[in-house]
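I have placed the structure first, in the form of structure tokens, so that the comments after it can refer back to it.
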Amino acid sequence: MPRVVILMGSASDEAKVAPCVEVLRKLEIDFFITVCSAHRTPDRTAKVVREQEQAGCKVFICAAGMAAHLAGAVAARTTKPVLGVPLAGSSLAGFDALLSTVQMPPAYPVATLALDGAGAKNAAWLAAEILALTDQAIAERLVLARQQLTVDITEQGEAMAKKYA
Ligand code: RP5
């Protein structure tokens with residue numbers, strides 16, 4: 001049962017959203033992913049939110065560029081946490097998408113992550129942390145994954161020190 005739903009505004013966003021998928025897979029979290037536009041397919045967006053919520057979705061991750069209203073449009077239709085990932089794709093280099101995603105009116109929050117791949121990755125980590133509040137297995141996998149990062153970075157540090165010794 002997918003507990004995380006990833007929506008992107010266009011198929012052209014796929015490469016920037018891929019790191020999110022990678023992290024969710026690594027943490028063994030089921031997800032549903034599709035293309036859904038706030039502007040081009042508003043009815044489909046509403047339908048997907050309704051259907052996925054009924055199917056058990058606990059967190060929505062929305063990635064979009066330009067006048068990025070997807071996360072806001074989803075937040076308008078659910079009280080589940082909505083995580084927004086602004087994408088750079090216009091001559092404003094993502095500043096447009098950042099402001100469109102982050103500036104939500106009271107009672108309709110969008111937890112806005114960094115731009116592009118970095119934000120996509122952290123959206124998955126944050127979704128995992130939200131799920132971990134009520135899922136012990138995910139909580140344990142999160143701790144293990146972080147411990148592995150500590151090991152990896154320590155090894156990198158030692159290798160770097162050796163290289164320049
Ligand atoms: C946004 O417009 C999408 O999220 C995408 O980042 C941007 C451009 O979309 P395409 O013209 O490539 O479909 O809605």
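Ligands are counted one by one from 1 in listed order, and the atoms in each one are counted from 1 as well. From a predicted model like this one, the values you see are computed outputs, not experimental measurements.
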Pick, from P86, G65, G94, S90, the option with the minimum heavy-atom distance to atom 14 (O) of ligand 1. G65
Using a strict cut-off of 4.0 Å, indicate which atoms of ligand 1 neighbour a heavy atom of A64. 4 (O)
Say whether R40 and ligand 1 are in contact under the criterion: heavy-atom distance to a ligand atom below 4.0 Å. yes
With only distance considered, is A63 within less than 3.5 Å of ligand 1 through an N or O on each side? no
Quick check: does any side chain N or O of R77 sit under 3.5 Å from a backbone N or O of V49, one acting as donor and the other as acceptor? no
Surrounding CE of M1 (heavy atoms of other residues, nucleotides or ligands, distance under 6.0 Å), is the total greater than 12? yes
So which heavy atom in the protein is nearest atom 7 (C) of ligand 1, and how far is it from that ligand atom? M66 SD, 3.9 Å
Without swapping roles, check the side chain of K58 against the backbone of I130 for a donor-acceptor pair under 3.5 Å. no
Keeping D135 on the side-chain end and A137 on the backbone end, is there a donor-acceptor pair under 3.5 Å? yes
Checking side-chain polar atoms at under 3.5 Å, does D152 have a donor or acceptor matched by the opposite partner on Q148? yes
So CZ of R141 and CD of Q136: to nearest 0.5 Å the spacing works out to 11.0 Å
Tell me whether ligand 1 is touched by L87 - counting only heavy atoms on the residue side and a distance under 4.0 Å. no
Check: G9 main-chain N/O paired with R40 side-chain donor or acceptor under 3.5 Å: no
Ligand 1 versus S12: contacting region, heavy-atom distance under 4.0 Å: side chain
Can you list the ligand 1 atoms lying under 4.0 Å from a non-hydrogen atom of G9? 3 (C), 4 (O)
If you scan protein heavy atoms around atom 3 (C) of ligand 1, the nearest is D13 OD2, 3.4 Å
